[in-house]
2 protein chains.
Amino acid sequence: MNNTKQKIIQHSLVLFNENGISKASLRDIAKQADISVGNLQYHFKKREDIVELLYFELVDKLDNITALKTDDILKSFINIGSESITIFYDYRFFFLDFISIIRQHDKIKNHYSELSKHRKDSFLEMIDMLIDHGLFRKEELKGEYQSVYKRIEVISNFWFSSILIQSKTLSKKAIDDYSLVISQSVYPYLTEEGRVHYKRMFNEQVL
Amino acid sequence: MNNTKQKIIQHSLVLFNENGISKASLRDIAKQADISVGNLQYHFKKREDIVELLYFELVDKLDNITALKTDDILKSFINIGSESITIFYDYRFFFLDFISIIRQHDKIKNHYSELSKHRKDSFLEMIDMLIDHGLFRKEELKGEYQSVYKRIEVISNFWFSSILIQSKTLSKKAIDDYSLVISQSVYPYLTEEGRVHYKRMFNEQVL
DNA sequence: AACAAAGTAGTACACTTGTACTAATCAAAA
DNA sequence: TTTTGATTAGTACAAGTGTACTACTTTGTT
């Protein structure tokens, strides 16, 4: 990608993450990237093109999460979550402005919808494997693990928003907090054997 | 409250809920309420005053959730959640624009922060009661129920946002979906006796 | 009836925004 | 070297926004 173009999206990302998309005017971005507004417009015909490009950058990075095939399947299950949220953090503007973006970009909306479906399928597949390995218990309610996924989905999409509501700023600590909350949310579904693994992984103090 | 003022906030709420705060200009609101912009400005010096007033309306309604002291304590536990989310729905603009509101209104941010703390305390008290009654199991991880609350908090705050990401519009069905997801999220913490109650309440098909 | 206060309408202004447009500069190929 | 196309800067404009301001109308009190 062009050097200038690179500079633009790089600085856009910073501005977006800091104060939200709506607070970053084209003039702000141009100034930050140390180029003229005319130049900015030359590279991005429409303002929203920047957002789209950043979104698909995010998607790319998510696609490249390798399952990290450890022999410990529970560990890689948890790892995928951690890696995802780490990428989310880098593009947090997207999640902080989720609704307004979705309302404006049908393309992004549709794409993310599809992406979520895939992620859900992968999740459920992984759960099946974990059940087969005797680490997770079987479903006791109808659609129980779908419901588990739904919860994790909401929490991951809006974790940073949730943090920002209560604290002044957002830091990388939010990533670890997320991992803790998610792993704890999964704990009750573990079998005896699964809990042994869990304990080993987190050195969690089981009461 | 004044009749005109009432009309303003009523129509503001509709517009806000439909397309988000940022898409509702003062002229839009005035037009919708069938008054002049001048008149609108007479009643609300600053645009943000409307938002604040609506927010405190929401808070008022939340305060008035009576515990509905059924003899069934599990039922009233679930009921509080349902009633909350029903009120949330009426003021959904607030949750759909959560971050931008928070960024703009320190007053609201601080207030909601406090409110959340109270809600958390109430939640944990209720859990203690449920444990005492033998319906919930004891904590097995450190801060386990705090983590449960955190999850419920995020999900309730961003449930409607989450729905809107995937579907075209928002309907009251979202309320029931929420109740299902939340009750399922609590199920694994129930004791044997608790699960009997649960089954009775929801006629849930336990596999 | 008179009058003060509250309520209402309409206009105007200053500011910001996205973006269209033109001219200047640069890079590279012929 | 010339020339062509890509890149950059700067200016201008139209639209929309919040809000200040003035004048008119209604209401209620004395």
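Keep in mind that what you see is a predicted model, and the values were worked out from it rather than measured. To find a chain, count down the sequence lines: A is the first, B the second, and so on, and within it residues start at 1.
Atom pair B:I35:CD1 and C:dT8:C1' shows a separation of 9 Å (rounding to whole Å applied). Distance A:I8 CD1 to D:dT8 C1': 11 Å, rounded to the nearest Å. The CZ-P distance, from A:R47 to C:dT16, rounds to 16 Å in whole Å. Going from atom CG of A:L40 over to atom P of C:dA20 covers 13 Å, rounded to whole Å. The NZ-C1' distance, from B:K31 to D:dT17, rounds to 16 Å in whole Å. The interatomic distance linking B:L26 (CG) with D:dA15 (P) rounds to 21 Å, in whole Å. In this structure, the NZ atom of B:K45 is 14 Å from the C1' atom of C:dA6, given to the nearest Å. Regarding A:I21, its CD1 atom lies at a distance of 16 Å from the C1' atom of C:dT17, rounded to whole Å.
For a distance-only test at 3.5 Å, the side chain of B:R27 fails to qualify as a donor-acceptor partner of the base of D:dG16.
OP1 or OP2 of D:dT8 lies within a sub-4.0 Å distance of a side-chain N or O belonging to A:T4. OP1 or OP2 of D:dT8 has not a single side-chain nitrogen or oxygen of A:Y42 nearer than 4.0 Å. When the side-chain nitrogen and oxygen atoms of B:N39 are compared with OP1 and OP2 of C:dA9, one or more of them lie within a distance under 4.0 Å. OP1 or OP2 of D:dT8 sits under 4.0 Å from a side-chain N or O of A:H43. Within the structure, every side-chain polar atom (N or O) of B:Q41 is placed at least 4.0 Å from both OP1 and OP2 of D:dG18.
Listed nucleotides: C:dT8, D:dA9, C:dT17. Nearest to the side chain of A:S36: D:dA9.
With A:F123 as the partner, the side chain to side chain contact (heavy atoms under 4.5 Å, CB included) test is satisfied by one option alone out of A:V148, A:D128, A:I80: A:V148.
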Q: Would you please test A:F202 and A:Y187 for ring-ring contact (aromatic ring centres under 6.0 Å, His included) and show each step?
A: CA-CA 11 Å; A:F202 294 106; A:Y187 172 83; 9.8 Å; no
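When ring centroids are compared, B:F95 and B:F160 stay outside the 6.0 Å threshold.
A 6.0 Å sphere centred on NZ of A:K7 holds more than 12 heavy atoms belonging to other residues, nucleotides or ligands.
Closest approach of A:G81 to A:Y178, counting heavy atoms only: O-CE2, 4.0 Å.
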